[in-house]
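Scroll down for the structure; my scribbles are underneath it.
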Amino acid sequence: MTDGIAWDPLHRELDRWQAAGRVARFWLRDDDAVEPTQPLETLLALTGESGVPLMLAVIPGLTGEALAVRLGEETSVAVAVHGWSHTNHAGPQGKKQELAGERPADVVLGELGEGFRLLQRLHPARFLPVLVPPWNRIDAALIPALPALGFAALSVYGRAKQDGPMPLLNTHVDIIDWHGTRGGRGEAELVAELVAELADRFAGSDEPVGVLTHHLVHDVAAWDFLSALFAVTTRHPAVCWSSASELLEHIA
């Protein structure tokens, strides 16, 4: 329920933006798309009905024509490159990472180039030259080589650094409890994170607030939160949900 007490802090924060004559910008990234599934249908229906643009991070090595055909019906969905096969190449003690230094750089970059070209061919009308590293991790030594492959921006997790080697289109609020239930996180906790991100922007940052979802693992709590978030924000005059393509033009 969007009128519950858990949502009051977000209502108050957005009212503060409205009183100041300002507009809070949000954007949505969903990871691990491969093929048409019922969870993907749910996500597309929810974003479509709410008028929220969506950037799907698609795994090139696991996808094909079926997803391209399905997304051909959508007008507000963009496609980004989600690594190559979402394979963990880190050592047994390391954090999961596909784009890691344990493999030769030319091998990793070769896969990324192949993934770029494949998704560009499959999704010509909605492809964005954005790299979304699996697990939001990439060896820093690889980043300077990304523009030569055609990438215009990198999308990871956390506040964007202004002096980095490449433009960043980041996410900031992940709705999944990866270290616990692996389902949707608590409503009050997520609302508090959104309010904190908005307060930071109100103080001066112009970075849009990125919401991160993973449709394939959503449970009822995750879907309910997303539905409520869209209901609260799309009805508020101080909110604009931006498309990734619009944001890319701004930062590139």
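Using modelled atom types, one side-chain atom of R182 and one backbone atom of W178 make a donor-acceptor pair closer than 3.5 Å. Distance alone, capped at 3.5 Å, is enough to place a donor-acceptor pair between the E246 side chain and the S243 backbone. A donor-acceptor contact shorter than 3.5 Å links the side chain of S205 to the backbone of E207. Counting only distance, with no hydrogens or angles, the side chain of E111 and the backbone of G83 share no donor-acceptor pair below 3.5 Å. Within the 3.5 Å criterion, the main-chain N or O of Q97 finds a donor-acceptor partner in the side chain of N88.
Rounding to the nearest 0.5 Å places CZ of R29 at 9.0 Å from OG1 of T213. How far CG of L40 is from OG1 of T42: 8.5 Å, rounded to the nearest 0.5 Å.
Think of V130 as one node in a network of Ile, Leu, Val, Met, Phe, Trp and Tyr side chains linked at under 4.5 Å; its network also takes in W27, M55, L128, V132, L169, L247, L248, I251. The hydrophobic cluster containing L62, built from Ile/Leu/Val/Met/Phe/Trp/Tyr side-chain heavy atoms closer than 4.5 Å, also comprises V34, I59.
Contact check for E98 versus R103: side-chain heavy atoms found under the 4.5 Å cut-off. With contacts defined as side-chain heavy-atom distances shorter than 4.5 Å, the pair L229/I175 does not qualify. In this structure, L226 and T47 have side chains that are not in contact, with every pair of non-hydrogen atoms separated by 4.5 Å or more. At a threshold of 4.5 Å between non-hydrogen side-chain atoms, the residues Q18 and R22 do not count as touching.
Relative ring orientation between W7 and F225 is described as parallel, the plane-to-plane angle staying below 30° on a 0-90° scale split at 30° and 60°.
In summary, the side chains of W223 and D219 do not present any donor paired with an acceptor at a separation below 3.5 Å, with no hydrogens or angles considered. Side-chain contact, D32 with H86: a donor N or O sits under 3.5 Å from an acceptor N or O. Using modelled atom types and a 3.5 Å distance limit, the side chains of W241 and T234 yield no donor-acceptor pair.
Under the 4.5 Å side-chain heavy-atom criterion for Ile, Leu, Val, Met, Phe, Trp and Tyr, V211 and W135 are members of distinct hydrophobic clusters.
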